[in-house]
Undergrad: 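My questions will all concern the structure given below.
The first residue in the sequence is number 1, and the count goes up from there.
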Amino acid sequence: MKVLHVVPTFYPATYWGGPIWSTKAICDGIAALPDMDLRVLTGDAAGPKIDDRVVPTPLPYPVHYARRLAGNCIAPGLLARLPAAIQWADVVHLTGTYNMPTLPTLILACLLNKPVVWSPRGALLATQDWADAPKKRMKQGFEHLANWLRPRRSVLHVTAQDEAIKSTINFPGLAHRIIPNTVPLPQLPALPPKTHEGCKLMFISRLHPKKGLEALFDAMAQLPGSFTLDIYGTGDAGYVQTLATRAGQSQGRIRLHGHVDGEAKTQAFVNADLFVLPSHSENFGIVVAEALAHGLPVLTTTATPWAQVALHDCGRCVDLAKVDLAHEIASLATYDLPSMGARGRAWMARDFSPSTMVGAFEMLYRDMVAGNVRQVLA
């Protein structure tokens, strides 16, 4: 079976966050199957600046990085290769939403009668769920146009039930399949017993107002001085500067570290006591799974699909409108956090393995090629 992934940005462009890793995990797993032939068509943007370009790394399947000329993913070379690439494929997997490749991919797949698996990666959920989503009317018009242009054999890939419900509001009749992301289980160094007072909080994600950082800053102002907060990630320069200004008023208790990856990212998780993601909207929140995989307990919100952290006794999931975030953090810090983190790590190993995710996508692709669209309904 020939599978084409069309995605605005791809590994090693890790600046763009969790979707880069989850898309690569899908491609790695599918390409390793004996009867699968996988190709990736993408742009070469490694960051927001026009000169931030990917330096390709060897992968066991072909990836074409078209040159980005503007924006985050305006790459005419991608469009030039798209017709032949879709003609070659048995099934097209489109990742992303409000960007250049989306509508051309849907149009060409429709004209060439190719089935499409579409992974919006939370963008549709954010538009529906977040009142302050930018360009909301324009995005909703884009959604209606995409629904009209999409091939008859189309399926929306979502990572959680809430994303399925809200992402399909503007797509009547569009089938969907829930396949959670996978998370690798890293090797962790042996750690000495905790000797520091207070609690080391950690946040890692894209720096954006929907992530709830203002609430976290407000909570830090109420917490004892022994509580510290390390923030990792990048975002709009103006917004990052606003956060940096507030952090500068914290007497060193709040630190912004910018983007981290690889061993530095693992060390960031290892150094923390509690991971906090007070987000207003998440389709999956891969950083929550990453924290748990590193043995770090989690405090997040009901706007994420992670209510089960409480069920598995590895964190809390709270409604920001109904609780005091500082109180919740202080309360959770009194628990045996290492034991909670160990339970979370065991949960990730059990239910979020790569083999489970890859098997689900293999079945989805085969159903799509066979024309069994209705069989993919969750």
Undergrad: Would you tell me whether Asn271 and Gln267 have side-chain atoms, one donor and one acceptor, within less than 3.5 Å of each other?
TA: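 Result is yes, a qualifying pair exists.
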Undergrad: Could you list the residues that satisfy ring pair (Phe, Tyr, Trp, His ring centres under 6.0 Å) with Phe171, not counting sequence neighbours?
TA: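 Applying ring pair (Phe, Tyr, Trp, His ring centres under 6.0 Å) to Phe171 gives Trp118.
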Undergrad: Quick check for you: to the nearest 0.5 Å, what is the distance between Ser353 atom OG and Leu185 atom CG?
TA: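 Between atom OG of Ser353 and atom CG of Leu185 there are 10.5 Å.
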Undergrad: With no hydrogens and no angle check, is any side-chain donor or acceptor of Thr23 less than 3.5 Å from a backbone partner on Ile20?
TA: no
Undergrad: Write down the atom of Pro151, the atom of Ala109, and the distance for their closest heavy-atom approach.
TA: CG-CB, 3.6 Å
Undergrad: Is there a donor-acceptor contact under 3.5 Å from the side chain of Arg345 to the main chain of His294?
TA: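 Such a contact is absent between Arg345 side chain and His294 backbone.
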Undergrad: Have Asn181 and Thr159 got a donor and an acceptor in their side chains that come within less than 3.5 Å?
TA: no
Undergrad: Go through the steps to decide whether Arg39 and Trp88 satisfy the test side-chain contact (heavy atoms from CB on, under 4.5 Å), and finish with yes or no.
TA: CA-CA 10 Å; Arg39 299 178 184 177; Trp88 166 85; 3.3 Å; yes
Undergrad: How many angstroms lie between atom OG of Ser119 and atom CD1 of Ile179, to the nearest 0.5 angstrom?
TA: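 One gets 8.0 Å once the value is rounded to the nearest 0.5 Å.
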Undergrad: Treating Asp52 as the side-chain partner and Ala46 as the backbone partner, does any N or O pair qualify as donor plus acceptor under 3.5 Å?
TA: no
Undergrad: Quick one: closest heavy-atom pair of Ala164 and Val158, and the distance?
TA: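 Scanning both residues completely, I find the closest heavy atoms to be CB-CG2, 3.6 Å.
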Undergrad: Donor-acceptor check, side chain of Thr301 to backbone of Pro278, threshold 3.5 angstrom: yes or no?
TA: no
Undergrad: Could you please spell out the steps behind the side-chain contact (heavy atoms from CB on, under 4.5 Å) verdict for Met1 and Met36?
TA: CA-CA 5 Å; Met1 180 184 297; Met36 291 287 184; 3.7 Å; yes
Undergrad: Do the side chain of Ser250 and the main chain of Ile254 share a donor and acceptor less than 3.5 angstrom apart?
TA: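 Pair found, side chain donor or acceptor close to backbone of Ile254.
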Undergrad: By side chain to side chain donor-acceptor pair (under 3.5 Å), which residues pair with Asp336, not counting sequence neighbours?
TA: Ser339
Undergrad: Knowing that exactly one of His64, Arg53, Arg67 qualifies, which makes a side chain to side chain donor-acceptor pair (under 3.5 Å) with Asp44?
TA: Arg53
Undergrad: Would you mind checking if Lys2 and Asp37 are paired as a salt bridge, meaning a charged N to carboxylate O distance below 4.0 Å?
TA: no
Undergrad: Side chains of Arg316 and Ser331: is there a donor and an acceptor less than 3.5 Å apart?
TA: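 Yes - a donor-acceptor pair under 3.5 Å links their side chains.
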Undergrad: Closest approach of Met340 and Leu332, non-hydrogen atoms and distance?
TA: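 The answer is CE-CD1, 3.8 Å.
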Undergrad: Could I get the full list of ring pair (Phe, Tyr, Trp, His ring centres under 6.0 Å) partners for His144, not counting sequence neighbours?
TA: none
Undergrad: If we only count heavy atoms from C-beta on, is the Arg153 to Asn113 side-chain gap below 4.5 Å?
TA: yes
Undergrad: May I ask you to check whether Thr245 and Thr242 show a side-chain donor-acceptor distance below 3.5 Å?
TA: no
Undergrad: Please confirm whether the backbone N or O of Lys210 pairs with a side-chain atom of His208, one donor and one acceptor, at under 3.5 Å?
TA: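 Between the backbone of Lys210 and the side chain of His208 there is a qualifying donor-acceptor contact (under 3.5 Å).
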Undergrad: For salt bridge (Lys or Arg N to Asp or Glu O under 4.0 Å), just list the numbers for Glu282 and Lys211, CA-CA rounded to whole Å, side-chain angles, deciding distance to a tenth of an Å, and then say yes or no.
TA: CA-CA 8 Å; Glu282 293 288 340; Lys211 301 293 182 176; 2.6 Å; yes
Undergrad: Side chains of Asp351 and Met348: closer than 4.5 Å at any heavy-atom pair?
TA: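 No, every pair of side-chain atoms sits at 4.5 Å or beyond.
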Undergrad: Between Trp306 (side chain) and Phe284 (backbone), is there a donor-acceptor pair under 3.5 Å?
TA: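 Indeed, once roles are kept as given, a pair shorter than 3.5 Å links the two residues.
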Undergrad: Kindly assign one of parallel, tilted or perpendicular to the pair His259 and Tyr15, based on the angle between their ring planes and the thresholds 30° and 60°.
TA: tilted
Undergrad: Using modelled atom types and a 3.5 Å cut-off, is there a donor and acceptor pairing between side-chain atoms of Thr304 and backbone atoms of Gly285?
TA: no
Undergrad: Considering only heavy atoms from C-beta outward, does the side chain of Leu320 approach that of His280 to under 4.5 Å?
TA: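 Yes, their side chains come closer than 4.5 Å.
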Undergrad: Which pairs count as salt bridge (charged side-chain N to carboxylate O under 4.0 Å, His left out) when at least one residue sits in residues 231-249, sequence neighbours excluded?
TA: Asp218-Arg246
Undergrad: Taking only distance into account, with no hydrogens and no angle test, what donor-acceptor pairs under 3.5 Å do side-chain atoms of residues 357-365 form with protein atoms, sequence neighbours excluded?
TA:
from	atom 1	to	atom 2	distance (Å)
Glu362	OE2	Arg366	NE	3.3
Glu362	OE2	Arg366	NH2	3.0
Tyr365	OH	His5	NE2	3.2
Tyr365	OH	His93	ND1	2.7

Undergrad: Could you give the distance from CG (Leu277) to OG1 (Thr300), rounded to the nearest 0.5 Å?
TA: 4.0 Å
Undergrad: Looking at OG1 of Thr302 and CG of Asp319, how far apart are the two atoms once the value is rounded to the nearest 0.5 Å?
TA: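 The distance works out to 4.0 Å.
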Undergrad: Once rounded to the nearest 0.5 Å, what's the spacing between atom CG of Leu229 and atom SG of Cys199?
TA: 10.5 Å
Undergrad: Looking at Asp313 and Arg343, is there a salt bridge between them, counting it only when a charged N and a carboxylate O are closer than 4.0 Å?
TA: yes
Undergrad: Looking at Ala45, is its backbone amide N or carbonyl O close enough to the side chain of Trp16 to form a donor-acceptor pair, meaning the two atoms are under 3.5 Å apart?
TA: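 Yes, because the side chain of Trp16 sits within donor-acceptor range (under 3.5 Å) of the backbone of Ala45.
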Undergrad: Measure the spacing between CG of Leu292 and CG of Leu296 and express it to the nearest 0.5 Å.
TA: 8.0 Å
Undergrad: Assess, by modelled atom type and distance only, whether the side chains of Glu263 and Thr266 contain a donor and an acceptor separated by less than 3.5 Å.
TA: no
Undergrad: Listed by chain and number, what are the side chain to side chain donor-acceptor pair (under 3.5 Å) partners of Trp21, not counting sequence neighbours?
TA: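 Listed in chain order: nothing, the list is empty.
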Undergrad: Give a yes or no on whether Tyr335 atom OH has more than 12 heavy-atom contacts from other residues, nucleotides or ligands under 6.0 Å away.
TA: no
